[in-house]
Amino acid sequence: MAKLPRIVSSLEGTGLERRREIEQERRWKATKTPFYKVLMEMKPEWYLISLGVLGNPLKQRVNDTRRLRSRMFKAFMKQDVAFYDKEENNIGALTSMLALDAKNVNEIISKIVGDITGVISTCISGFVITFVYSWILSLIIIGCVPFLAIGAAYQSKIDMSFEDETKKASIQTGELASEAIKTIRTVASLTKQDYFEKKYDKTGLRPHKLAQRKAYLGSIGFALNQGMTMYVYAAAFYASVRLMISGIAKAKYAAFSAFELLERQPSIDPSLESIEPTSVQGEVSCEKVAFRYPARPDVHIFNGDFDFMGLAGKTIALVGASGCGKSTIIALLERWYDSLEGSVRLDEQNVQSYSLSNLRSHMSLVGQEPILFDLSIAENIRFGVPNNAKITEDDIIKVCTAANIHRFISSLPKGYDTRVGDKGSQLSGGQKQRIAIARALLRNPRVLLLDEATSALDSESEKFVQAAIDNVIQSGGRTTITIAHRLSTIQNADLICVIDQGRVVEQGTHWELLKLDGLYNTLVREQSLNIN
Ligand SMILES: Nc1ncnc2c1ncn2[C@@H]1O[C@H](COP(=O)(O)OP(=O)(O)OP(=O)(O)O)[C@@H](O)[C@H]1O
């Protein structure tokens, strides 16, 4: 489009140039976009509305009100005489239509269209932002929208209802004034001025009354609309302040607990440096131990009378009624908890004088529930040793043979590379337990802790696992502390300690304890009866 003025100015001045100019203009018009044509051929109102949507600069250039008035006037001129005979098309009505309607249409274009666009875009962006920041607040505000709508609808209904009536009344007044002024000579000669004056006063009264009523009712509508807006603001502010307070409170508590955790010094600190012997004999003992679990400080597990000695390389079985504290001894040896009084020792050294990782590296625990990870069998077995430890395939096969599981693993299509699934779900309980035993053995511990390793298994699996445990115990070379409910499984232990009321009440071999005819004998008899 910018080409045209340039071409026109360069050819200006000569007839030839003028013809070229006309020709250029004709061609340019012919190639105008369909959009432009559509726009030009539209009814004036739509044209102006679209200009309003397109924006202010364009709208001002075309001077919409003037054009609309001019088109309306042309339309008046086109009408037949019968049109002017109609009562509603009197001169006052038509002139005020020219004056007011064109102005109103312009207002619609510039104000209402702009307002609607503004409201819609504000609504959309507002809801997107509030939903992103707080969906609860958004829902509360959406819940308030009907109240806003009621307020706005009431005000607009009042405004609209008066609009028509006021307009009609104003037209009547204008009509009367125009009639009187046009016929002033006749009116004056008949001295009928007071007739028109009274009539004008009377006619003028109605718009005045309407304006008064509109003012009263309109103020109610305005108050309702504004009131609703304010109440909705208040509700939204209240809700957002409450949400902020609860958010701040949550953040405060979260920060407190995070700092509390960061500042908490564990009573058993894994980072403390202490002695780190590379090897130990494996003698374990307890002396005058007193202990209560921190979570249950009223219940004394050991009362300062608990003494126990497990010589290096021996198998020591701990027996006693359920809840007497057998597993607690393992917990104290592993230093999951510290005794409140007395001492728990490994090789004459209090367990507290070892660094935590060194102490635990001398021990291996096989518990009731074997825990395997979603890795291959070989990886699960290696999991027990540090990453940098040199472990050969032969080492793994050796511990698996000792744990009575090598034959089973070799029978699998992928052998040691078979994945065990989530928590070892692709293996039976007995298979998992034997892999756990192999993992414990690979650590080559001086102290092996077996806490009811067979109690969660069915009798068939138990046989296999028990055979593995017997095998491991017979191979010797380590201290084994075993806890078993089934007394038949610990008969061959070097020492059996019977625990009751927080003390070792009997100790000796199976036969020595049977001869003693004490608590151990009672437990054995009870189990024999159960079996029978
Ligand atoms: N973490 C703990 N917090 C509080 N109390 C505990 C905790 N662990 C165990 N207890 C309680 O300490 C007592 C001794 O538990 P422990 O597990 O040592 O007994 P147990 O002789 O091994 O029993 P079982 O033969 O049934 O396994 C029980 O009364 C038990 O409820």
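As the structure lists them, so they are numbered: ligands from 1, and atoms in each ligand from 1. We number each residue from 1, following the sequence as shown.
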Check: Arg434 side chain, Asn404 main-chain N or O, donor-acceptor pair, under 3.5 Å: yes
Interfacing atoms of ligand 1 (cut-off 4.0 Å, heavy-atom, Tyr337): 1 (N)
Side-chain heavy atoms of Glu506 within contact of Asn521, under 4.5 Å: no
Residue Thr328 vicinity, atoms of ligand 1 by number, heavy atom under 4.0 Å: 14 (C), 15 (O), 16 (P), 18 (O)
Gap separating the CG atom of Leu449 from the CG atom of Leu365, nearest 0.5 angstrom: 5.5 Å
Protein contact to atom 8 (N) of ligand 1 [nearest heavy atom, distance to 0.1 Å]: Tyr293 CZ, 3.3 Å
Which residue and heavy atom of the protein sit nearest atom 17 (O) of ligand 1, plus the separation: Ser327 CB, 3.5 Å
Atom 27 (O) of ligand 1 - nearest protein heavy atom and its distance: Glu452 OE2, 3.4 Å
Part of Val299 with heavy atoms under 4.0 Å of ligand 1, whether side chain, backbone, both or neither: neither
For atom 23 (O) of ligand 1, closest protein heavy-atom neighbour: Gly323 N, 2.9 Å
Least distance between heavy atoms, Pro445 atom then Ala440 atom: CD-O, 3.4 Å
Option among Leu412, Ile396, Asp417 that satisfies the side-chain contact (heavy atoms from CB on, under 4.5 Å) test with Ile377: Leu412
Heavy atom of Cys324, distance to ligand 1 below 4.0 Å: yes
Ligand 1 atoms in contact with Ile301 (distance to a heavy atom under 4.0 Å): 12 (O), 13 (C)
Option whose closest heavy atom lies nearest to atom 26 (O) of ligand 1, chosen from Pro297, Ser322, Ala331, Pro294: Ser322
Residue pair Phe131 / Leu139, side-chain heavy-atom distance below 4.5 Å: yes
Flag side-chain contact, heavy atom, 4.5 Å: Leu318 against Ile481: yes
Subset of ligand 1 atoms that lie under 4.0 Å from at least one heavy atom of Arg296: 5 (N), 11 (C), 31 (O)
Those atoms of ligand 1 less than 4.0 Å from some heavy atom in His485: 25 (O)
Ser343 side chain to Arg345 side chain, donor-acceptor N/O pair below 3.5 angstrom: yes
Ring center gap for Tyr337 and Phe291 short of 6.0 angstrom: yes
For atom 25 (O) of ligand 1, the protein heavy atom that lies nearest, with its residue and separation: Lys326 NZ, 2.9 Å
Region of Trp336 engaging ligand 1 - heavy atom pairs below 4.0 Å: neither
Parallel, tilted or perpendicular, as decided by the 30° and 60° cut-offs, for the rings of Tyr233 and Phe237: tilted
Nitrogen or oxygen atoms of Gly325 and ligand 1 under 3.5 Å apart: yes
